[in-house]
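Sequence lines set the chain letters: A, B, ... in the order given, protein chains first and strands last, and positions in each chain run from 1.
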Number of protein chains: 2
Amino acid sequence: MESWVDSEPSGFSLSNLPLGIFSTELLSPRIGVAIGKYVLDFKSFVMEGLLAHLNIDWSQVDFATLNDYAALGRSRHRTIRKFLQELLISDTRYGSLLRDHPQRRQSLLVLRASATMHLPMRVGDYTDFFVGINHARNCNKLFRGDATLAASYTEQPIGYHGRASSVVISGTPVRRPVGQFNLDGQVFFGPTRKMDFEVEFAAFISKPNTLGEPIGVEAAEEHIFGYVILNDWSSRDIQQREAFPLGPFNAKNFGTTISPWVIQPDALIPYKTKPISTGSELPKYLVERSSNSVHDIVVDVTIKRGSQDFQLSKCNFKNVIFSFPQMIAHHTAGGCPLQTGDLIATGTVSGETVDTLGCLLEITKNGMEPYQIFNNDTGSTLEMGWLHDGDCIEFHGYAGDSSDPEHISFGSCTGLILPSLVTSLEKL
Amino acid sequence: MESWVDSEPSGFSLSNLPLGIFSTELLSPRIGVAIGKYVLDFKSFVMEGLLAHLNIDWSQVDFATLNDYAALGRSRHRTIRKFLQELLISDTRYGSLLRDHPQRRQSLLVLRASATMHLPMRVGDYTDFFVGINHARNCNKLFRGDATLAASYTEQPIGYHGRASSVVISGTPVRRPVGQFNLDGQVFFGPTRKMDFEVEFAAFISKPNTLGEPIGVEAAEEHIFGYVILNDWSSRDIQQREAFPLGPFNAKNFGTTISPWVIQPDALIPYKTKPISTGSELPKYLVERSSNSVHDIVVDVTIKRGSQDFQLSKCNFKNVIFSFPQMIAHHTAGGCPLQTGDLIATGTVSGETVDTLGCLLEITKNGMEPYQIFNNDTGSTLEMGWLHDGDCIEFHGYAGDSSDPEHISFGSCTGLILPSLVTSLEKL
């Protein structure tokens with residue numbers, strides 16, 4: 001499926017067509033569709049009447065976030081995506097609408113490099129799960145000396161409520177948090193000593209459910225608007241002091257970064273695969289008809305320290321024991337209402353080897369074993385412990401072979417660590 | 001301070017003047033101010049130009065929730081409240097504006113009994129703390145056999161992120177949640193067997209802070225818009241199975257009820273008192289200049305079962321170890337942004353005796369010791385265990401002597417338990 005717009009192997013071919021919110025010097029923040037090196041200005045595209053044949057009341061749609069668009073529902077999203085593919089394909093039968101209309105091409109296609117991306121949705125609630133089983137095992141081993149998982153972990157997707165207000169778009173700097181932690185047997189208040197990232201996969205909700213009315217596991221996929229990759233920045237020392245018995249709080253509410261392009265579910269159908277089986281019998285509300293319910297998506301994690309880049313890890317989102325439909329079915333089983341724009345994440349997803357782990361807690365064994373990374377190009381070595389101020393962490397996510405023009409790119413999810421506003425360490 | 005509107009000892013005198021969102025058969029949901037048996041239609045009041053002298057751009061204010069109003073800031077709230085007191089006082093010098101203007105009196109004052117109340121604010125994030133020390137001690141004793149608290153509990157306000165989408169207004173029925181729990185050594189999926197309420201005090205945020213920029217403890221009170229009472233409905237068996245290590249999730253996200261009137265901070269100044277001292281040295285960011293930083297507010301908890309009412313408990317919000325300013329300073333210490341409309345609650349607040357406890361978990365010792373309640377009027381006794389379907393729990397909150405016309409009423413926070421949609425019990 002080659003497009004007349006651009007046929008670079010960028011991961012943003014006609015097979016992808018993700019949605020995001022962009023602005024330029026001239027354009028206010030608005031919905032755009034990525035195609036090759038360009039963004040289609042979807043708001044102006046609609047205003048020009050190019051989707052008039054779909055009989056959608058666009059006057060009710062606020063184009064400054066994707067919330068109203070998401071609420072149009074999956075079948076309309078499918079119809080629009082299909083029409084855009086037919087319009088943007090090289091031998092389109094709709095050439096006169098855009099390809100052969102120089103003025104519209106000029107105004108509706110914006111270079112992605114000149115676009116500033118914004119948070120794609122107004123996030124209602126943010127939920128973080130814990131379905132990466134290797135991560136769970138490694139945490140158990142580090143903190144309790146035993147990797148064995150409780151039955152309650154494999155029989156239901158364990159999750160907690162995260163902080164919606166601190167979800168930010170890729171590129172937003174993240175400030176090192178200040179908090180209380182133990183150090184050498186004493187308690188201090190000051191900048192965290194254990195700053196970490198977490199590689200996660202996340203889904204945005206389109207269709208809401210009513211308080212008290214669960215979403216069945218087979219219906220759940222129709223409630224998913226699309227997917228992003230997510231970095232749930234964490235402070236491990238603050239977390240260790242605060243997390244019992246109510247879970248992580250200030251250790252994670254200072255910033256959660258997401259990638260800017262919302263990948264549509266249909267683009268990821270070819271990359272569906274089986275979750276990791278634990279052998280546990282599941283209650284009916286979690287049993288799926290299809291076993292291909294999770295995604296084979298790779299995330300390359302790079303750290304830029306000083307002027308050098310190092311490849312830190314290569315994660316894969318198939319390393320989970322529950323799918324998003326299972327997480328949604330569980331989340332709503334008791335009646336919790338999901339709303340358009342809610343964000344649901346997997347928790348850290350790690351592989352089994354050290355070069356496939358999703359956070360420094362695991363990579364460095366809670367800071368006890370620094371990890372050596374070699375840069376082939378420069379010949380230098382990085383001894384990796386916790387994150388430093390000035391470090392930039394970049395996730396690059398994709399499904400398929402990155403040399404295949406039809407592969408699906410998630411773009412990147414990056415954040416630079418800023419120093420704390422407080423620099424002193426106060427002993428309690 | 002007697003009002004010409006109404007001088008019943010209702011708790012809604014000129015000393016109170018709380019704000020809420022009401023509607024009637026004729027009026028769409030809008031901001032109202034409670035005065036005696038009436039609600040002042042604040043939206044129409046503003047539209048009639050009666051606050052024109054304040055030079056506020058009301059065209060930017062959406063009157064359907066209190067969010068925009070809250071964002072106007074504390075000094076404007078004070079000015080408006082003071083003007084309303086001067087307007088509504090018996091010997092007002094502004095008589096011609098409303099008191100002696102029969103047409104306006106007729107249209108702007110609505111009987112509270114004919115008003116339907118709505119969620120006062122669009123809740124961004126909901127945070128639940130755990131600052132009720134008697135509750136924390138009792139939980140420790142029940143689950144670990146020892147009431148002793150960890151230093152990490154007394155040296156920082158422990159909290160977790162709750163679910164904003166399931167916050168509902170008083171009077172909304174709450175459906176018994178379905179979930180996984182242990183019963184006699186087996187795991188089941190079905191309606192919870194341990195349905196509970198929790199008596200909590202809560203604050204709404206007015207002024208936001210920026211990501212990465214903490215709110216100092218002395219500045220924190222200026223970020224509080226007002227207060228409500230809150231019932232954080234809980235399922236104790238679901239909670240016990242899911243809460244390790246990430247905290248409560250489905251055990252609490254099926255419904256959280258709040259009272260409809262937002263009590264302004266100035267109305268509660270006479271009821272400030274000292275928190276419970278634990279003797280712990282606090283880090284500087286939690287040290288307050290004034291020790292009168294919490295509130296002496298009583299909550300009567302009543303259960304209606306069948307046709308009978310029983311007084312279940314009498315709680316007091318002074319039984320906490322941290323104030324809202326301390327909770328806010330801690331919440332933002334690491335940089336977490338609070339937004340206008342965020343809701344922050346204390347967690348369950350219990351007294352020291354069985355008739356002052358804030359939840360059935362404590363009152364019945366996790367269901368092991370049913371609690372006898374006697375109804376003086378009818379002579380009947382209720383053996384109280386967990387909540388039944390059809391039970392109606394009512395909190396009635398107030399500051400001051402309820403026979404004093406100037407006392408401050410929070411109104412009530414009520415919820416009826418509906419049966420689960422699923423009635424079967426599935427064994428895993």
Side-chain angles (χ1 to χ4, degrees), chain A residues 124-125 127-128 130 139 150-152 155-156 158-166 168 172 174-175 177-180 187 189 192 211-214 235 238 241-251 253-255 281-285 330-331 333-339 342 418 421 426 428, chain B residues 124-125 127-128 130 139 150-152 155-156 158-166 168 172 174-175 177-180 187 189 192 211-214 235 238 241-251 253-255 281-285 330-331 333-339 342 418 421 426 428:
Chain A
D125 280 284
T127 303
D128 202 17
F130 190 47
C139 289
S152 59
E155 291 167 359
Q156 64 183 350
I158 292 294
Y160 70 102
H161 302 298
R163 180 78 194 178
S165 72
S166 56
V168 296
T172 309
V174 172
R175 199 171 285 287
V178 170
Q180 294 191 21
V187 180
F189 176 73
T192 177
L211 181 71
E213 295 181 10
S235 157
I238 294 175
R241 181 163 159 87
E242 75 179 3
F244 180 78
L246 298 177
F249 182 55
N250 278 357
N253 65 19
F254 59 91
E281 281 277 327
L282 293 179
K284 288 190 208 85
Y285 79 104
H330 181 69
H331 200 325
C336 180
L338 303 185
Q339 296 184 325
D342 285 353
L418 299 180
L421 292 176
E426 179 189 353
L428 259 73
Chain B
D125 280 284
T127 303
D128 202 17
F130 190 48
C139 289
S152 59
E155 290 166 359
Q156 64 183 351
I158 292 293
Y160 69 103
H161 302 297
R163 179 79 193 176
S165 72
S166 55
V168 297
T172 310
V174 173
R175 198 171 285 287
V178 171
Q180 293 191 21
V187 180
F189 176 74
T192 177
L211 181 70
E213 296 181 10
S235 157
I238 294 175
R241 182 165 159 84
E242 75 179 3
F244 179 80
L246 299 177
F249 182 56
N250 279 358
N253 66 20
F254 59 91
E281 280 277 328
L282 293 179
K284 288 190 210 85
Y285 78 103
H330 181 70
H331 201 324
C336 180
L338 303 185
Q339 298 184 325
D342 285 351
L418 299 179
L421 292 174
E426 179 188 352
L428 261 71

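- Of the atoms belonging to Val168(A), it is side-chain heavy atoms, and not backbone ones, that fall under 4.5 Å from chain B.
- Looking at every heavy atom in both residues, Pro214(B) comes nearest to Leu421(A) through CD-CD1, 4.1 Å.
- Side-chain contact between Asp125(B) and Arg163(A) is present, with at least one heavy-atom pair separated by less than 4.5 Å.
- When each of Val187(A), Leu282(A), Ile238(A), Asp342(A) is scored by its heavy-atom pairs under 4.5 Å with chain B, the top score falls to Asp342(A).
- For the set Glu213(A), Glu281(A), Gln339(A), the entry with the most heavy-atom pairs within less than 4.5 Å of chain B is Gln339(A).
- Counting heavy atoms from C-beta outward, Tyr160(B) and Pro248(A) have side chains that stay 4.5 Å or more apart.
- Using a 4.5 Å heavy-atom threshold, the side chains of Gln156(B) and Phe189(A) count as separate.
- Of the atoms belonging to Leu338(A), heavy atoms from both backbone and side chain fall under 4.5 Å from chain B.
- Interface check for chain A: of the options Gly212(B), Pro337(B), Gly124(B), the most heavy-atom pairs under 4.5 Å are formed by Pro337(B).
- For chain A, the option among Cys336(B), Pro177(B), Gly335(B) with the highest count of heavy-atom pairs below 4.5 Å is Cys336(B).
- If you measure heavy-atom distances from Thr127(B) to chain A, the contacts under 4.5 Å come from the side chain alone.
- Interface residue Asn250(B): only side-chain heavy atoms are found under 4.5 Å from chain A.
- Residue with the most contacts toward chain B among His331(A), His330(A), Lys284(A): His331(A) (heavy-atom pairs, distance under 4.5 Å).
- Contacts of Ala151(B) with chain A are made by backbone atoms alone, with heavy-atom separations under 4.5 Å and no side-chain atom involved.
- Using a 4.5 Å heavy-atom threshold, the side chains of Arg175(B) and Leu211(A) count as separate.
- Contacts with chain B were tallied for Ser235(A), Ser166(A), Gly255(A); Ser166(A) has the most, counting heavy-atom pairs under 4.5 Å.
- Of all the listed residues (Pro245(B), Cys139(B), Gly159(B), Gly179(B)), the one sharing the greatest number of non-hydrogen pairs under 4.5 Å with chain A is Gly159(B).
- Within the 4.5 Å cutoff, the side chain of Gln180(B) has no heavy atoms near those of the Ser152(A) side chain.
- The shortest distance between side-chain heavy atoms of Val178(A) and Tyr285(B) does not fall below 4.5 Å.
- When all heavy atoms of Gly334(A) and Phe254(B) are compared, the pair lying nearest together is O-CB, 3.3 Å.
- Of the listed residues (Pro283(A), Ala243(A), Ala333(A)), the one with the most heavy-atom contacts under 4.5 Å to chain B is Pro283(A).
- Here NE2 of His161(A) is found 10.5 Å from CG of Asp128(B). Values are rounded to the nearest 0.5 Å.
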